[in-house]
Student: 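After the structure tokens below, expect a handful of questions from me.
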Number of protein chains: 2
Amino acid sequence: MTEPQFKTWQSIQDEVLRRIHAREWPPGADIPNEADLAREFGCARATVNRALRALAESGLIERRRKAGTRVALHPVSRATVDIPVIRQEVVALGKTYDYRRLSHAQAMPPTHVAQRLCPAAPSTALHVTALHLASGAPFVFEDRWINLDTAPAAGTQDFLATNANEWLLAHVPYTHGEIRLSAEAASENEARILLTDPGAPLFVMERLTWDHARPVTLARLCYAPGHRIVTQLGTAP
Amino acid sequence: MTEPQFKTWQSIQDEVLRRIHAREWPPGADIPNEADLAREFGCARATVNRALRALAESGLIERRRKAGTRVALHPVSRATVDIPVIRQEVVALGKTYDYRRLSHAQAMPPTHVAQRLCPAAPSTALHVTALHLASGAPFVFEDRWINLDTAPAAGTQDFLATNANEWLLAHVPYTHGEIRLSAEAASENEARILLTDPGAPLFVMERLTWDHARPVTLARLCYAPGHRIVTQLGTAP
DNA sequence: ATGCTCAATATGTCTATACATAATAATCCT
DNA sequence: AGGATTATTATGTATAGACATATTGAGCAT
């Protein structure tokens, strides 16, 4: 008669997952409210809340006040991607990191950059290009614009020794940002720098970071051919 | 004299973020323990715990029992990527979704597939290729292998009307998975199907999903040129 | 010194209770 | 009927107290 008791929020999460997978609670269905579940599982409501909140963060269920909790109709897979500093990325591959600044100038950004980096009042910005190397081989070509209104201190740096990525992280932290991933053909210039052929497929990551309401920097990172990003889906095995 | 009181876990998170950004707590530094912070902020320890746990999940701080909490030395940016079902992805673009199955056969997978899909005992698997269209234009070319030991029910499906992605989600849910993102040159076959040129840079997403310890399916999704993924960094603005 | 045991400590979690908040349902007033 | 107001309800969050658990470090034994 002893109902299996669920004591930890993990075990409750597992049981809820089981019921969803077993179609006891099919996609789109409402699931019982926290108070009822707590009674059924023989635990406090806060424990149920913890379990359901974690599931909501993973995108499997949707919760709204008063409306209750339901299994997501279109279960989006939510993957978390860890994006380390490039130096760490290289070191993690067991290679030695090296950095070479290519150019450094203050200039008016092209429109597609200006739109995103200084949408309010167009002004000059700092343009830095650099190459990150892994054991001597080109790894990432970086083309970066820095908003000097937001980060005036960057104007005093030449970024010859320390790369802009790490300097900015240490001196102009951001509050949030946006990342765009795409595949693009290498331009003549990119191909020359990355020692590959024009037209080669490059993995491109564009990062725009903000400090509260003000754009900080827009970086376009072109990875050398063969690069890939690996990420995990769902919870731990 | 009234110390500013921090009542909500959000406000505590903001204050901790402020101190980190202001270098009061520089990278690598230990931050006070929960009990002390709770006393300082005039709130319960559980509230501090909630705030710090959220920051730890975002990768900005690291926490270990007994050792305490410290600001991450190499702050990895943790981005969450929402990966919807392809139909939803197309609909969200304001286009009409269409699906066309291209091939369907039971066969021995090539070694690089077998290694990941049936690492224990090599056996035949279900091979399905299909094209997803957005308003009539090729959107994604899908090349999928399904492990029939894990999902025997898939053997009875021809996947002519319903695509494998949605059928599997509805009938063989997964517990976790792995996603690989890369840029690759279009092969002759891929180019023909996606109506582009061989060698064109394609955004490729490989998904391997598992049901507990058993691999379910390995899908290789080649997006038509121009596709990109957008994701957010950090918390809400 | 080296290895083991045990106590100290910071985070992890659970409980019970209370109040806050958002969103819906019901009701009342034209 | 229609629109504004109020009540209800489920989630969201805060609190104090308690115990669990991992980890470190000190002290002891070999």
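Residue numbers start from 1 in every chain, and the chains themselves are labelled A, B, ... in the order their sequence lines are given, proteins ahead of strands. Every value quoted in this text rests on a predicted model; they were computed, and no experiment measured them.
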Student: Please tell me which of A46(A) and A35(A) maps to the more 5' nucleotide of DNA chain D, matching each residue to the nucleotide holding its nearest heavy atom.
Tutor: A35(A)
Student: Can you tell me how far P of dA22(D) sits from CD of E34(B), to the nearest Å?
Tutor: 17 Å
Student: Give the rounded distance in Å between these two atoms: CZ of R53(A) and P of dG12(C).
Tutor: 14 Å
Student: With distance as the sole test, does N147(B) use its side chain to make a donor-acceptor pair with the main-chain N or O of T217(B) at under 3.5 Å?
Tutor: no
Student: Could you say whether A67(A) or T47(A) is positioned toward the 5' end of DNA chain C, judged by the nucleotide with the nearest heavy atom to each?
Tutor: T47(A)
Student: Using side-chain hydrogen bond (donor to acceptor under 3.5 Å, both in side chains) as the criterion, point out the one residue from Y97(B), Y223(B), Y99(B) that pairs with H132(B).
Tutor: Y97(B)
Student: Ignoring backbone atoms, test whether R63(A) places a side-chain nitrogen or oxygen under 4.0 Å from the OP1 or OP2 oxygen of dG12(D).
Tutor: yes
Student: Please state how far atom CZ in R65(A) lies from atom C1' in dT13(D), giving the value in whole angstrom units.
Tutor: 8 Å
Student: Specify the residue among W9(A) and R45(A) whose closest nucleotide of DNA chain C lies further upstream toward the 5′ end.
Tutor: W9(A)
Student: When the distance from NZ of K66(A) to C1' of dT24(C) is rounded to whole Å, what number comes out?
Tutor: 5 Å
Student: Using side-chain heavy atoms (C-beta onward) and a distance below 4.5 Å, is P173(B) in contact with R23(A)?
Tutor: yes
Student: Looking at L218(B), is its backbone amide N or carbonyl O close enough to the side chain of R116(B) to form a donor-acceptor pair, meaning the two atoms are under 3.5 Å apart?
Tutor: no
Student: Expressed in angstrom and rounded to an integer, what is the separation of N49(A) atom CG from dT15(C) atom C1'?
Tutor: 14 Å
Student: Using the side-chain hydrogen bond (donor to acceptor under 3.5 Å, both in side chains) definition, which of the options T47(A), T69(A), N49(A) pairs with E34(A)?
Tutor: N49(A)
Student: Within a 6.0 Å radius of atom CZ on R18(B), are there more than 12 heavy atoms belonging to other residues, nucleotides or ligands?
Tutor: yes
Student: Nearest heavy-atom pair of W9(A) and A51(A): which atoms, and what distance?
Tutor: O-CB, 3.4 Å
Student: Whole Å only: how far is the CZ atom of R70(A) from the P atom of dA10(D)?
Tutor: 14 Å
Student: Report the distance from atom CZ of R64(B) to atom C1' of dA10(C), rounded to the nearest whole Å.
Tutor: 11 Å
Student: Counting heavy atoms from C-beta on, name the nucleotide in dT11(C), dA16(D), dT15(C) closest to the side chain of N33(B).
Tutor: dT11(C)
Student: Can you list, by residue number, the residues of residues 20-30 of chain B that have a non-hydrogen atom closer than 4.0 angstrom to DNA chain C?
Tutor: none
Student: What is the distance from CZ of F41(A) to P of dT15(C), rounded to the nearest Å?
Tutor: 13 Å
